[in-house]
There are 2 protein chains.
Amino acid sequence: MEIDKSSKRRLIILCIDCELLFVMSNNFSIDSILAKRPRKSLIRVFLQSSHLWRRFHSLGTEMIVTKSGRRMFPTLSVLISGLDPMKNYVVTVDLECIELKRFRYSFHQSKWISTGPGESELPSRMFVHPDSPARGSHWMRAPVSFDKMKLTNNQLDSNGHIIVNSMHKYRPRVHVIEQDGSQTRHTFSFEETEFIAVTAYQNHRY
Amino acid sequence: MEIDKSSKRRLIILCIDCELLFVMSNNFSIDSILAKRPRKSLIRVFLQSSHLWRRFHSLGTEMIVTKSGRRMFPTLSVLISGLDPMKNYVVTVDLECIELKRFRYSFHQSKWISTGPGESELPSRMFVHPDSPARGSHWMRAPVSFDKMKLTNNQLDSNGHIIVNSMHKYRPRVHVIEQDGSQTRHTFSFEETEFIAVTAYQNHRY
DNA sequence: TATTTGTCACCTAGGTGCGAATAT
DNA sequence: ATATTCGCACCTAGGTGACAAATA
């Protein structure tokens with residue numbers, strides 16, 4: 001394709017094999033666009049408060065769930081790097097049921113033990129971070145907190161909360177989805193954030 | 001410029017004299033893009049709760065301002081139409097000082113009267129609606145409320161609140177700014193939303 | 001017995017008007 | 001006098017753990 005590099009007219013541009021699209025101004029040069037072309041970089045996601053998460057994890061993290069929806073404690077919060085500052089992303093969280101077993105808390109042993117097979121799992125609902133969609137620069141600027149996310153054990157929930165089976169074990173997954181039409185998805189999870197959903201705290205030793 | 005209309009490769013396109021940009025998928029046809037090309041349409045902004053605003057207006061609307069910032073009552077809220085659903089916009093509000101006079105409230109006459117020349121006005125700060133930037137479809141979906149906006153009389157305010165001179169008359173202006181690089185700005189205001197900034201209510205007859 | 005549910009008092013954050021005290 | 005500042009009591013919305021009652 002031929003391009004008049006000096007053109008300053010109002011245009012939309014098509015670059016072959018580019019992966020990023022820009023909002024362009026009336027006045028721009030082809031060179032300024034090419035200069036902004038994305039270099040591949042590795043997306044990284046770091047868990048915040050990992051110290052706290054690990055303390056709970058060592059005791060067996062429990063997460064209260066209620067019919068009306070309960071926030072998580074600790075709150076899931078991550079630092080993201082390696083995004084394209086100009087590109088739009090949607091960031092979501094879902095819960096992966098990581099063992100198809102039912103658990104119960106043994107007061108004797110002060111620990112969780114698995115008992116029999118668990119409920120079969122439907123794919124988890126997605127919690128879409130309310131800032132979505134936003135540019136990479138926004139997501140990387142500060143930790144991204146999922147404190148508004150709520151868990152429920154109500155299979156018929158109509159408030160958009162994340163549905164779980166009580167006494168089952170889950171681990172949150174963070175998804176970073178590129179909004180360039182490719183919908184490329186990058187998924188991250190952290191071992192220390194796994195938890196067992198409960199309707200009342202079992203371990204009273206926190 | 002030559003374009004292979006059947007191409008399905010990953011590209012960025014160049015259209016001359018287009019005004020709208022799209023996030024494109026890997027697979028698309030030139031025709032599908034052209035079909036989405038914007039038709040010019042008129043942006044309109046309608047005041048919400050205009051009945052309430054008019055009731056206050058007929059008595060002389062007062063708006064409390066404090067050092068730490070005070071929300072407006074009534075809240076400014078507008079319905080927007082005529083945007084391009086796919087285009088990004090920033091929506092802001094500022095305050096226009098509509099009479100360079102100082103006012104005082106006459107208890108005798110139960111009305112505001114002007115007294116002498118007012119303070120000279122610096123250009124007002126902008127309140128950027130927190131949803132900005134967002135697509136036209138978002139702004140048009142529901143009334144856009146500026147309830148988080150706060151007014152202050154502290155000329156040294158460092159919280160980003162809108163600074164006003166007490167006992168002066170203002171009228172909010174809504175700006176809809178196209179985020180296509182042209183930064184085209186559409187401005188709207190409503191007579192019935194004019195008010196006098198006060199540090200304490202003067203008219204006790206509300 | 002093991003689990004779930006609903007209720008409740010408690011806490012917090014933040015917005016509000018009012019009136020006393022102060023400032024111009 | 002007029003205008004501003006400040007503190008305060010009040011209200012609301014929403015999140016929390018505890019516990020008693022209900023469920024299975």
Side-chain angles (χ1 to χ4, degrees), chain A residues 56 61-76 101-109 111-116 118-119 130 145-157 159-169 196-206, chain B residues 56 61-76 101-109 111-116 118-119 130 145-157 159-169 196-206:
Chain A
F56 277 103
T61 309
E62 301 174 17
M63 210 60 83
I64 294 282
V65 300
T66 65
K67 200 170 170 182
S68 59
R70 201 71 142 195
R71 293 187 172 183
M72 292 172 65
F73 186 84
T75 294
L76 186 64
K101 296 193 191 109
R102 186 178 186 79
F103 286 80
R104 73 177 186 81
Y105 189 74
S106 160
F107 287 91
H108 281 324
Q109 308 167 59
K111 69 175 200 182
W112 287 91
I113 56 186
S114 65
T115 73
E119 306 292 324
S145 167
F146 299 95
D147 58 335
K148 295 286 191 299
M149 177 174 167
K150 286 187 171 180
L151 311 187
T152 182
N153 59 338
N154 180 7
Q155 303 287 330
L156 303 171
D157 173 80
N159 302 302
H161 300 146
I162 311 299
I163 301 171
V164 297
N165 283 312
S166 185
M167 302 296 169
H168 286 63
K169 193 185 281 188
I196 291 175
V198 297
T199 55
Y201 285 127
Q202 305 293 311
N203 183 346
H204 288 225
R205 305 185 312 147
Y206 283 138
Chain B
F56 278 102
T61 309
E62 302 173 14
M63 210 62 83
I64 293 281
V65 300
T66 66
K67 200 170 170 180
S68 59
R70 201 72 143 196
R71 293 186 172 183
M72 292 172 64
F73 185 83
T75 295
L76 185 64
K101 297 196 190 105
R102 188 179 185 77
F103 287 79
R104 72 177 187 81
Y105 189 74
S106 161
F107 288 90
H108 281 324
Q109 307 167 59
K111 68 175 199 181
W112 287 92
I113 56 186
S114 65
T115 73
E119 306 291 325
S145 167
F146 300 96
D147 58 335
K148 296 285 191 298
M149 176 174 169
K150 286 186 171 181
L151 311 187
T152 181
N153 58 339
N154 179 8
Q155 302 288 329
L156 303 171
D157 173 80
N159 302 302
H161 298 148
I162 310 300
I163 301 172
V164 297
N165 283 312
S166 185
M167 302 296 170
H168 286 63
K169 192 184 282 189
I196 291 175
V198 296
T199 56
Y201 285 126
Q202 305 292 310
N203 183 345
H204 288 227
R205 307 184 313 147
Y206 283 138

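Naming convention: chains lettered A, B, ... in sequence-line order (proteins, then strands); numbering from 1 in each chain. Values below: every heavy atom of this structure, side chains too, minus hydrogens, waters and symmetry copies.
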Quick one: closest heavy-atom pair of [X] and [Y], and the distance?
| X | Y | answer |
| --- | --- | --- |
| B:Val65 | B:Ala197 | CG1-CB, 4.0 Å |
| B:Gln155 | B:Val164 | NE2-O, 3.7 Å |
| A:His168 | A:Lys101 | CD2-O, 3.3 Å |
| A:Arg104 | A:Thr115 | CG-CG2, 3.6 Å |
| B:Glu62 | B:Ala200 | OE1-O, 4.4 Å |

| query | What integer distance in Å separates A:Gln155:CD from C:dT5:C1'? | reply | 16 Å

Check: protein-nucleotides 3-7 of chain D nitrogen or oxygen pairs below 3.5 Å:
| from | atom 1 | to | atom 2 | distance (Å) |
| --- | --- | --- | --- | --- |
| D:dT4 | OP1 | B:Ser166 | OG | 3.4 |
| D:dT4 | OP2 | B:Ser166 | OG | 2.9 |
| D:dT4 | OP2 | B:Thr199 | OG1 | 2.9 |
| D:dT5 | OP2 | B:Asn153 | ND2 | 2.7 |

| task | Report yes if some heavy atom in the side chain of A:Lys150 is under 4.5 Å from a heavy atom in the side chain of A:Arg70; otherwise report no. | result | no

| field | Side-chain heavy atoms of B:Lys111 within contact of B:Ile113, under 4.5 Å | value | yes

| query | Centres of the B:Tyr105 and B:Phe103 rings: under 6.0 Å? | reply | no

Please list each protein N or O that sits under 3.5 Å from an N or O in nucleotides 14-21 of chain C, with the distance.
| from | atom 1 | to | atom 2 | distance (Å) |
| --- | --- | --- | --- | --- |
| C:dG15 | OP2 | B:Lys150 | NZ | 2.9 |
| C:dG17 | OP1 | B:Tyr201 | OH | 3.2 |
| C:dG17 | N7 | B:Arg70 | NH2 | 2.7 |

